[in-house]
Amino acid sequence: MISMNNIVKRFGEKTVLDKVTFNVGAGEIFGLLGPSGAGKTTIINILAHQISACEGEFNVGAKPLETGLMLEQDGLYNRLSAAENLNLFAGIYGVGKAKVQEALNSVGIGDASKRPVNKLSKGMRQRLALARAILHKPKILFLDEPTSNLDPNTAVGIHKLIFGLRDEGTTIFLTTHNMDEAVHLCNNVALLHQGNIVEYGSPLEICEKHDSFKTVPDLEAVFIKLTGHQIKEVAV
């Protein structure tokens with residue numbers, strides 16, 4: 001459903017992606033894991049046709065209007081209400097406005113539908129951006145750090161929502177630096193360090209390969225072993 005083959009991306013003289021290659025199957029939850037600055041958002045931007053690669057090829061098995069996208073920069077309209085923001089996109093996607101309240105409810109902010117976006121907390125803005133991404137039931141959903149800055153209970157609710165979308169056939173591509181989240185959610189993951197994929201496979205297979213078990217598969221230990229860095233360090 002999604003593939004990258006030897007993708008290279010440079011900004012000026014700096015190479016931020018160096019021959020990145022992976023495949024994501026239909027109906028899979030795929031996790032791209034790495035610290036801030038590793039190149040995760042750049043990969044999503046390339047797959048979403050926001051920026052161009054310098055070298056290599058990639059394929060996304062859905063039309064632009066069949067994909068959903070949630071990035072760190074939410075792009076919400078501050079003076080409009082939560083519902084008004086989604087109504088704009090409902091028109092673009094050809095989705096009935098009845099789906100707007102359903103999407104808001106699904107991410108736990110249904111009671112804030114009339115509140116201006118500039119009055120929402122950071123976590124609520126994040127959930128609104130997620131509601132916008134899933135409004136039209138996309139075939140492929142790109143999520144950039146979907147649960148960062150959310151309280152644990154809300155994060156659990158988002159995880160359930162992600163599983164539900166997967167069960168309905170949506171292919172989900174997410175980035176995270178939360179190793180426990182990746183183990184819980186993902187069928188397969190790629191560990192990204194300084195623009196290079198240093199390991200790829202299911203969380204269980206990767207941890208078995210590197211003998212990284214405590215009580216649960218420990219992807220953090222694998223990443224440290226392979227790179228000498230913790231996943232939460234800022235690699236800039």
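Predicted model, so just to flag it, every value in this text is computed and none were measured. Residue numbers run from 1 in the order of the sequence given.
The line from OH of Y77 to CG of N118 is 15.0 Å long, rounded to the nearest 0.5 Å. The distance from atom CG of L191 to atom CD of E220, rounded to the nearest 0.5 Å, is 10.0 Å. If you take CD on E66 and OG1 on T170, they are separated by 11.0 Å, rounding to the nearest 0.5 Å. Distance check: I197 CD1 to L192 CG gives 6.0 Å after rounding to the nearest 0.5 Å. Atom CG of L32 sits about 4.5 Å away from atom CD1 of I43, to the nearest 0.5 Å. We find the CD1-CG distance between I162 and D167 to be 12.0 Å, quoted to the nearest 0.5 Å.
Outside the 6.0 Å centre-distance limit, the rings of H177 and F223 are not counted as a close aromatic pair.
Closest of all the heavy-atom pairs between A155 and L150 is N-CB, 4.5 Å. Of all non-hydrogen atoms in A103 and L86, the two that sit nearest each other are CB-CD1, 4.2 Å. Contact between I7 and G56 at its shortest, heavy atoms only, is CD1-C, 3.7 Å. Y200 and N23 get closest at one heavy-atom pair: OH-O, 2.8 Å. Across every non-hydrogen atom of Y93 and T67, the tightest pair is OH-O, 4.3 Å.
In summary, the side chains of D144 and T175 do present a donor paired with an acceptor at a separation below 3.5 Å, with no hydrogens or angles considered. At a cut-off of 3.5 Å, with distance as the only test, no side-chain donor of H229 or Q194 sits close to an acceptor on the other residue.
E28 contributes no side-chain N or O that, together with a main-chain N or O of N187, makes up a donor-acceptor pair within less than 3.5 Å. A donor-acceptor contact shorter than 3.5 Å links the side chain of K40 to the backbone of P35. In this structure, the side chain of N178 engages the main chain of D180 through a donor-acceptor pair within 3.5 Å. Under a 3.5 Å cut-off, the side chain of E199 and the backbone N or O of L219 do not form any donor-acceptor pair. Under the 3.5 Å distance criterion, the side-chain polar atoms of T176 are left unmatched by any main-chain donor or acceptor of L33. A donor-acceptor pair is defined here as one N or O able to donate and one able to accept, closer than 3.5 Å; no such pair exists between the side chain of R166 and the backbone of L185. In this structure, D211 contributes its side chain and C207 its backbone to no donor-acceptor pair below 3.5 Å.
Linking ILVMFWY residues whenever their side-chain heavy atoms come closer than 4.5 Å, directly or via other members, places M4 and I140 in the same cluster. Hydrophobic clustering (ILVMFWY, side-chain heavy atoms < 4.5 Å, transitive): I92 and L71 are in distinct clusters. Under the 4.5 Å side-chain heavy-atom criterion for Ile, Leu, Val, Met, Phe, Trp and Tyr, I2 and M70 are members of distinct hydrophobic clusters.
Comment: K19 does not engage E55 in a salt bridge, judged by the lack of any side-chain N to carboxylate O separation of less than 4.0 angstrom.
Exactly one residue among L143, L47, I29 makes a side chain to side chain contact (heavy atoms under 4.5 Å, CB included) with F173. That residue is L47.
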